[in-house]
Amino acid sequence: MVVLERFLWLAVVLAIIWVVEVVNLVSGYALNPVFGLLPRSLGGLDGILFMPFLHGSLSHAAANTAPLVILGGLLAATAPRLVFKASVLITVLGGFGVWLFGASAIHVGASGLIFGWFGFLLTRGVMTRQLVPLLVTIGVALVYGTMIWGILPGQPGVSWEAHLFGCAAGIFAGYSLSRRA
């Protein structure tokens with residue numbers, strides 16, 4: 001039972017994402033302009049916290065679900081004491097980076113968090129030099145290593161800024177939290 005409790009937070013996050021997606025879909029995606037992240041706008045600041053729960057379409061939410069489950073599950077399994085701190089750091093620092101430097105558009109989606117967990121898991125294994133986190137780092141690098149190209153501009157309608165700043169925030173979180181652990 002204790003093992004399942006490690007993953008409860010992830011189930012809650014996914015449930016919120018999908019409930020919000022259904023409400024957003026039914027409302028014609030009316031939540032995105034209200035709660036999405038709009039760079040350099042005071043009204044868009046709340047998007048730093050809400051952006052990971054909003055998506056632009058069903059396929060967008062679906063595409064983010066598997067990496068959330070896999071990377072979030074690895075995080076819960078190997079660093080349960082750091083999950084909350086790492087996720088908050090990634091969301092706030094990554095979102096603030098998008099708010100400061102992002103293109104003038106509404107940014108939504110959990111990919112900043114996904115890229116942040118990616119950066120965190122890679123960095124944590126190197127920082128701790130412990131067997132299990134190192135194995136996770138190697139596995140994540142092998143399976144998700146091509147994600148790194150997502151931090152570069154190129155695909156219209158995709159917030160590469162969220163990917164870049166999420167990954168940078170994840171690396172920072174992996175470095176700072178692993179030093180304290």
Side-chain angles (χ1 to χ4, degrees), residues 9-10 12-14 16-17 20-21 31-56 60-61 63-76 78-79 82-127 136-137 140-141 144-155 157-181:
W9 68 272
L10 185 56
V12 169
V13 167
L14 288 166
I16 292 169
I17 286 171
V20 169
E21 177 58 27
L31 298 177
N32 289 357
V34 177
F35 296 107
L37 190 154
L38 185 59
R40 295 167 301 285
S41 159
L42 288 178
L45 270 173
D46 59 355
I48 290 172
L49 299 178
F50 296 127
M51 182 175 83
F53 300 103
L54 298 165
H55 288 83
H60 183 206
N64 279 339
T65 297
L68 282 168
V69 169
I70 294 166
L71 296 174
L74 286 169
L75 188 60
T78 62
L82 301 177
V83 166
F84 182 74
K85 289 178 187 176
S87 298
V88 168
L89 270 173
I90 291 164
T91 300
V92 172
L93 293 178
F96 192 65
V98 174
W99 188 83
L100 278 176
F101 301 109
S104 293
I106 297 170
H107 296 257
V108 294
S111 58
L113 184 58
I114 291 165
F115 274 78
W117 287 346
F118 170 76
F120 178 86
L121 290 167
L122 292 179
T123 304
R124 183 169 182 271
V126 172
M127 290 299 300
V136 168
T137 293
V140 167
Y144 283 104
T146 58
M147 274 180 52
I148 203 70
W149 298 112
I151 66 171
L152 300 173
Q155 190 174 358
V158 173
S159 178
W160 65 271
E161 300 98 332
H163 299 175
L164 173 66
F165 291 111
C167 189
I171 291 168
F172 173 79
Y175 175 78
S176 64
L177 296 176
S178 295
R179 290 180 45 148
R180 296 180 192 159

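Note that this is a predicted model, so its numbers are computed, not measured.
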Could you walk me through whether Arg124 and Thr78 pass the side chain to side chain contact (heavy atoms under 4.5 Å, CB included) check? CA-CA 10 Å; Arg124 183 169 182 271; Thr78 62; 4.1 Å; yes
Is Leu152 atom CG crowded by more than 12 heavy atoms from other residues, nucleotides or ligands, each under 6.0 Å away? yes
If you look at every heavy atom in Leu121 and Thr137, which pair is closest and at what distance? O-OG1, 2.8 Å
Starting at CD1 of Ile171, measure out to OG1 of Thr123 and round the result to the nearest 0.5 Å. 4.5 Å
Cys167 side, atom SG; Ile148 side, atom CD1 - distance, nearest 0.5 Å: 4.5 Å
Can you tell me how far CH2 of Trp117 sits from CG of Leu74, rounded to the nearest 0.5 angstrom? 10.5 Å
Residues in ring-ring contact (aromatic ring centres under 6.0 Å, His included) with Phe50, at least two apart? Phe35
Would you please test Leu14 and Thr65 for side chain to side chain contact (heavy atoms under 4.5 Å, CB included) and show each step? CA-CA 7 Å; Leu14 288 166; Thr65 297; 4.2 Å; yes
Can you see which heavy atom on Met127 is nearest to which on Gly174, and at what distance? CG-O, 4.1 Å
Test log, rule side chain to side chain contact (heavy atoms under 4.5 Å, CB included), inputs Ser176 and Leu89: CA-CA 10 Å; Ser176 64; Leu89 270 173; 4.2 Å; yes
For Phe115, enumerate each residue passing the ring-ring contact (aromatic ring centres under 6.0 Å, His included) test, keeping only those at least two apart in sequence or located in another chain. His163
Any side chain to side chain donor-acceptor pair (under 3.5 Å) involving residues 98-109? Give me the pairs, sequence neighbours left out, ordered by first then second residue. Arg40-Ser104, His107-Ser159
Enter the distance from Leu75:CG to Leu113:CG here, rounded to the nearest 0.5 Å. 9.0 Å
Please indicate whether Phe172 has more than 12 foreign heavy atoms, meaning atoms of other residues, nucleotides or ligands, lying under 6.0 Å from its CZ. no
How many angstroms lie between CG in Leu45 and CG in Leu37, if you round to the nearest 0.5 Å? 7.5 Å
Measure across Val69 and Leu10 and return the closest heavy-atom pair with its distance rounded to 0.1 Å. O-CD2, 3.7 Å
Geometric class of the Phe165/Phe101 ring pair [parallel <30°, tilted 30-60°, perpendicular >60°]: parallel
Which pair of heavy atoms, one from Ala110 and one from Leu68, lies closest together, and at what distance? CB-CD1, 3.9 Å
Between CE of Met51 and CD1 of Ile106, what distance do you get to the nearest 0.5 Å? 12.5 Å
Between Ala105 and Pro39, the two heavy atoms sitting closest are O-CD, 3.2 Å
Taking all non-hydrogen atoms of both residues into account, name the closest pair between Pro67 and Ile114 and its distance. CB-CG2, 3.8 Å
Could you check Val92 against Leu49 for side chain to side chain contact (heavy atoms under 4.5 Å, CB included), going step by step and ending with a plain yes or no? CA-CA 7 Å; Val92 172; Leu49 299 178; 4.3 Å; yes
